[in-house]
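Contents: one structure, followed by commentary.
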Amino acid sequence: MNTVPRELFTLDPIRSAQELLGCTLVWGKAAGKIVETEAYAEFGDEASHAFLRTGVREFIRFRPPGSIYVYLNYGVHWLLNFLVKQGPWNGFVLIRALEPVHGIDLMEQRRGLHDPKQLCSGPGKLTQALGITGESNGADFFNLPDVCLLARTGRIEVAIDRRIGITKSPDLPWRFVAAESKFLSAPVRKTRPRAN
DNA sequence: ACACGGATACTA
DNA sequence: AGTATCCGTGTC
């Protein structure tokens, strides 16, 4: 099984987000295939934390591509992002959903439920299922023990949507999903960007 | 439909 | 210090 090299995170966030689809994220004893991602850009993207937070801009400047950015959202959920650095197009990829493939009993235990479709079908759900917390924030993924990213096997059909749950820059079509997946956080919407 | 609840940045 | 905001989930 091939593992993904750091170069996957030296692309712009939009390309990196799509390349990550179909890869399998192994985190300790649990693993899941990435079926949903979103791209966030350092510049020109008001929904990116880098737009307002000086600490996040420093994070981008000083950490290597492939670094893990984990933050607490709504005071409740840890959200997992990868730092991508391509020069003018730095940013983050948010991992939004996984198809569970390994350690499912452990995921069920951590999540407190048994429906495989609900174990990792959301950015906060998958961190809970994998046991990811802010403890990992700032770590270099490629220097972490017991984690890796397995390369995609075969082709994957990518569907594109607007990002979910944001209020700033809402019309950017930077949500990417494995079109055939039954493990998404939400179906792909058919709405066109609002006029004006 | 709504409660849950913490980090960050801004106002002062 | 106080307030507004935030890339969500589970349960009502």
Side-chain angles (χ1 to χ4, degrees), chain A residues 9 12-18 20-21 25 30 32 34-63 67-84 89-100 107-139 141 158-178 181-189 191 193-194:
Chain A
F9 300 102
D12 67 82
I14 294 163
R15 273 199 62 195
S16 185
Q18 294 175 77
L20 279 167
L21 292 176
L25 175 62
I34 298 173
V35 294
E36 177 175 345
T37 59
E38 283 179 357
Y40 290 84
E42 179 179 15
F43 301 113
D45 177 8
E46 294 183 68
S48 169
H49 282 184
F51 193 81
L52 284 179
R53 301 188 182 190
T54 58
V56 173
R57 290 195 291 272
E58 291 189 359
F59 187 106
I60 294 172
R61 181 178 180 91
F62 293 111
R63 306 227 179 228
S67 293
I68 295 175
Y69 174 47
V70 182
Y71 72 93
L72 191 60
N73 184 248
Y74 292 103
V76 183
H77 308 287
W78 295 106
L79 269 61
L80 171 65
N81 300 259
F82 287 96
L83 173 61
V84 299
W89 276 90
N90 298 330
F92 293 95
V93 177
L94 170 67
I95 308 300
R96 284 196 55 92
L98 306 175
E99 174 180 340
M107 294 190 194
E108 291 175 342
Q109 182 182 330
R110 287 167 170 159
R111 291 274 296 125
L113 53 85
H114 293 279
D115 181 357
K117 289 190 177 54
Q118 297 181 34
L119 288 178
C120 299
S121 57
K125 296 177 184 178
L126 70 91
T127 56
Q128 185 182 24
L130 295 182
I132 297 172
T133 69
E135 212 178 321
S136 297
N137 184 46
F141 182 81
V158 178
I160 302 176
D161 193 6
R162 291 151 43 228
R163 295 175 295 183
I164 289 180
I166 58 168
T167 58
K168 301 290 188 178
S169 302
D171 291 335
L172 293 176
W174 287 359
R175 175 184 182 226
F176 305 100
V177 309
S181 179
K182 309 244 186 293
F183 297 88
L184 305 180
S185 69
V188 175
R189 299 160 290 190
T191 59
R194 292 199 319 270

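In the text below, chain A, chain B and the rest are named by the order of the sequence lines, each starting its count at 1. Values reported hereafter were calculated over all heavy atoms of this structure, with side chains retained and with hydrogens, waters and symmetry mates removed. For clarity, every value in this text was computed on a predicted model and none was experimentally measured.
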Report summary line: Closest of B:dG5, B:dG6, C:dC7 to the A:L72 side chain is B:dG6
Query raised in the report: Is a side-chain donor or acceptor of A:Q118 paired with a backbone partner of A:H114 at a separation under 3.5 angstrom?
Result: no
Query raised in the report: Think A:T167 has a side-chain N or O under 4.0 angstrom from the OP1 or OP2 of C:dC6?
Result: yes
Query raised in the report: Say you pick atom C1' in C:dG10 and the same atom in B:dA7; how far apart are they, in whole Å?
Result: 22 Å
Requested in this report: Let me know, please, whether A:R53 or A:Q118 comes out on the 5' side of the other along DNA chain C by nearest nucleotide.
Outcome: A:R53
Report task. Name the pairing partner of C:dC7, where a pair is Watson-Crick or G-U wobble with both distances under 3.5 Å, or state none. Result -> none
Query - B:dG5 - base-pair partner by Watson-Crick or wobble geometry, distances under 3.5 Å - result: none
Query - Matching residue for A:I95 among A:L130, A:N81, A:T37, A:L79 - test: side chain to side chain contact (heavy atoms under 4.5 Å, CB included) - result: A:T37
Report summary line: Rounded to whole Å, the CD1-P distance (A:I95 to C:dG8) equals 14 Å
Query raised in the report: Can you name the nearest heavy-atom pair linking A:R163 to A:A47, along with the distance?
Result: NH2-CB, 3.8 Å
Requested in this report: Compute whether any side-chain donor of one residue and acceptor of the other, for A:Q128 and A:R111, lie under 3.5 angstrom apart.
Outcome: yes
Query - A:K117 NZ - C:dG10 C1' separation (whole Å) - result: 19 Å
Query raised in the report: Base, sugar-phosphate, or nothing: which does A:R111 touch, judged by heavy atoms less than 4.0 Å apart?
Result: sugar-phosphate
Requested in this report: Indicate whether OP1 or OP2 belonging to C:dG8 is found under 4.0 Å from a side-chain N or O atom of A:R96.
Outcome: yes
Query raised in the report: Looking across every strand, which nucleic acid part, if any, lies under 4.0 Å from A:Y71 by heavy atom: base, sugar-phosphate, or nothing?
Result: base
Query raised in the report: Looking at the side chain of A:K168, which of B:dC4, C:dC7, C:dC6 is the nearest nucleotide?
Result: C:dC6
Query raised in the report: Got a donor-acceptor contact below 3.5 angstrom from the A:R110 side chain to the A:A129 backbone?
Result: yes
Query raised in the report: Can you tell me how far P of C:dA4 sits from OH of A:Y74, to the nearest Å?
Result: 16 Å
Requested in this report: Could you state the atom-to-atom distance from CG of A:L79 to P of B:dG5 in whole Å?
Outcome: 18 Å
**Report entry** A:I164 CD1 - C:dC7 C1' separation (whole Å)
**Finding:** 10 Å
Query raised in the report: In whole angstrom, what separates A:R163's CZ from C:dC6's P?
Result: 13 Å
Query raised in the report: Taking atom P of B:dT8 as reference, at what distance in whole Å does atom CD of A:E46 sit?
Result: 21 Å
**Report entry** Rounded distance (Å) that lies between atom P of C:dC6 and atom CG of A:L52
**Finding:** 9 Å
